[in-house]
Amino acid sequence: MPPYILISSLAAALLGTVGGGSPSSPIAPAPVKLMVEQTGGTARFHVLGTGARDCVASYELEVWSGTGGANRSVQRGQAHLAKGGEPHLLDVALSGAAASRWSAKLHVRTSDGESYDVTRSSS
């Protein structure tokens, strides 16, 4: 086996990837997180910086609601994050019937090449 294939295979095994994909959870402390609050008839999605490290992070929050994901909202942004700071980057709220059945996916890509997804759902 050529050395570059062995190194690539070893890296994929260590990162938990298959077929050259990116890891589903961050290797270093995650610079951005998703928190969900569900109270009464409202679901609130908060995208927050964690203060884990200095970096630039691009993020995309995609929220589906209703039967079969009939409603879809996508919010994107980029943040210059400083270690120790915990900025509030984005809020999305669903209310009424939409708040009872939803799913959300946060995709984050950092300036140092890390990429990860965080998913949540009401069920």
Restricting to non-hydrogen atoms, name the atom on [X] and the atom on [Y] that form the minimum distance, rounded to 0.1 Å.
X: K83; Y: D54; value: N-OD1, 2.6 Å
X: S122; Y: R101; value: OG-CA, 3.4 Å
X: G49; Y: L81; value: CA-CD2, 4.3 Å

- prompt: So do V56 and Q78 actually touch side chain to side chain, heavy atoms under 4.5 Å?
  reply: yes
task: Please test E62 against R72 for side chain to side chain contact (heavy atoms under 4.5 Å, CB included), starting from the C-alpha separation and ending with a verdict.
output: CA-CA 7 Å; E62 192 167 6; R72 177 177 174 254; 2.4 Å; yes
- request: Check the hydrophobic clustering (I, L, V, M, F, W, Y; side-chain heavy atoms under 4.5 Å; chains of links allowed) and say if L48 and F45 are grouped together.
  value: no
To the nearest 0.5 Å, how far apart are [atom1] in [X] and [atom2] in [Y]?
X: Y116; Y: R109; atom1: OH; atom2: CZ; value: 12.0 Å
X: Q75; Y: L90; atom1: CD; atom2: CG; value: 5.5 Å
X: R120; Y: S103; atom1: CZ; atom2: OG; value: 12.5 Å

field: Pairing of R53 and E114 as salt bridge, 4.0 angstrom limit
entry: yes
message: Using only atom types and a distance under 3.5 Å, with no angle test, would you say the side chain of N71 pairs donor to acceptor with the backbone of W64?
response: no
Extract all donor-acceptor atom pairs below 3.5 Å that involve side chains of residues 32-44 and protein atoms in other chains or at least two apart in sequence.
| unit_1 | atom_1 | unit_2 | atom_2 | d |
| --- | --- | --- | --- | --- |
| E37 | OE2 | H46 | NE2 | 2.6 |
| Q38 | OE1 | W102 | NE1 | 3.2 |
| Q38 | NE2 | A99 | O | 2.6 |

field: Stepwise side chain to side chain contact (heavy atoms under 4.5 Å, CB included) check, Y59 with L61
entry: CA-CA 7 Å; Y59 56 89; L61 177 64; 5.8 Å; no
